[in-house]
Amino acid sequence: MEKTIIIANWKMNPCTFLDAQALISEILFGTKDTKTVNVVFCPPFVYLQGLIKKYPKAVFGAQDCFWEQQGAFTGEVSPQMLKAMGCAYVILGHSERAKYLGETEDMVQKKVAAALVAGLEVILCVGEKEETPKDMPGLLVVYEPEWAISTEGKGAADTKLVASRVAAMRRTLKTSPILYGGSVTSSNIASLIKETGVQGALVGSASLDACEFFNLVKNAAA
Ligand code: 13P
């Protein structure tokens with residue numbers, strides 16, 4: 001059986017490298033005996049190199065990348081750079097990038113192609129509006145409805161809804177893993193895994209609290 005995959009999307013947190021180090025140390029300690037779950041850490045770009053060096057056994061991903069590998073693209077980071085640094089994954093198409101930065105579907109598709117060429121595994125976020133992508137080696141798809149993100153206590157999407165969306169996506173996607181994202185916590189992860197057919201989760205807020213996150217990982221394994 002494929003291992004469950006839990007991805008920690010730290011977004012633009014925490015504010016210092018020291019805090020990032022403290023968070024990952026505590027999580028790694030708390031999850032050291034959980035062997036049936038693959039955990040991927042996606043910190044901000046600026047912490048990646050330091051964390052990869054310090055925690056060589058942990059698995060890392062970036063939160064975005066550009067669609068070219070090199071050149072005059074001020075402020076951008078290429079998939080090749082991420083791969084060379086030791087990143088295994090990259091999150092692409094997150095709804096916050098469309099909402100705050102105007103990222104389009106066309107940009108996302110170019111990024112996906114470039115990331116796969118560079119040898120990164122792509123964690124592609126798909127909301128209610130985007131079409132289900134086709135299977136590609138190295139692709140993981142996350143069903144992440146925008147309205148379910150960071151609901152602060154109102155909870156994740158209903159498991160019946162997630163199950164029906166996953167079943168619909170499975171008509172197109174035969175082999176790529178499908179994950180769920182949006183207000184996943186240590187309390188709802190077990191039912192999401194058991195009742196919806198997802199292979200894991202993309203976790204935002206709950207990945208910033210070490211105790212909450214390692215309980216989430218443990219409950220994903222249960
Ligand atoms: P929350 O877990 O905070 O809802 O964030 C979900 C998300 O956007 C993960 O990428």
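Note that ligands are numbered from 1 as they come in the structure, with each ligand's atoms numbered from 1 the same way. As the structure is a prediction and not an experimental result, all values here were calculated from the model.
- Relative ring orientation between Tyr47 and Phe17 is described as tilted, the plane-to-plane angle lying within the 30° to 60° band.
- In this structure, the side chains of Phe41 and Leu28 come closer than 4.5 Å at one or more pairs of heavy atoms.
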Ligand 1: protein N/O within less than 3.5 Å of ligand N/O:
residue: ligand 1; atom: 2 (O); partner: Gly204; partner atom: N; Å: 2.8
residue: ligand 1; atom: 3 (O); partner: Ser150; partner atom: OG; Å: 2.8
residue: ligand 1; atom: 3 (O); partner: Ser205; partner atom: N; Å: 2.8
residue: ligand 1; atom: 3 (O); partner: Ser205; partner atom: OG; Å: 2.4
residue: ligand 1; atom: 4 (O); partner: Ser150; partner atom: N; Å: 2.5
residue: ligand 1; atom: 4 (O); partner: Ser183; partner atom: N; Å: 2.7
residue: ligand 1; atom: 5 (O); partner: Lys11; partner atom: NZ; Å: 3.2
residue: ligand 1; atom: 8 (O); partner: Lys11; partner atom: NZ; Å: 2.7
residue: ligand 1; atom: 8 (O); partner: His94; partner atom: NE2; Å: 2.8
residue: ligand 1; atom: 8 (O); partner: Glu144; partner atom: OE2; Å: 3.3
residue: ligand 1; atom: 10 (O); partner: Asn9; partner atom: ND2; Å: 3.0
residue: ligand 1; atom: 10 (O); partner: His94; partner atom: NE2; Å: 2.9
residue: ligand 1; atom: 10 (O); partner: Glu144; partner atom: OE2; Å: 3.2

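- Listed here is the closest heavy atom pair of Pro43 and Phe60: CD-CD2, 4.1 Å.
- Heavy atoms only, all atoms of each residue included: Ile91 and Cys125 are closest at CG2-SG, 4.0 Å.
- Pairs passing the side chain to side chain donor-acceptor pair (under 3.5 Å) check and including a residue from residues 56-78, sequence neighbours excluded, read Asp64-Arg97, Asp64-Lys111.
- Here the closest non-hydrogen pair linking Asp135 and Thr172 is OD2-O, 4.0 Å.
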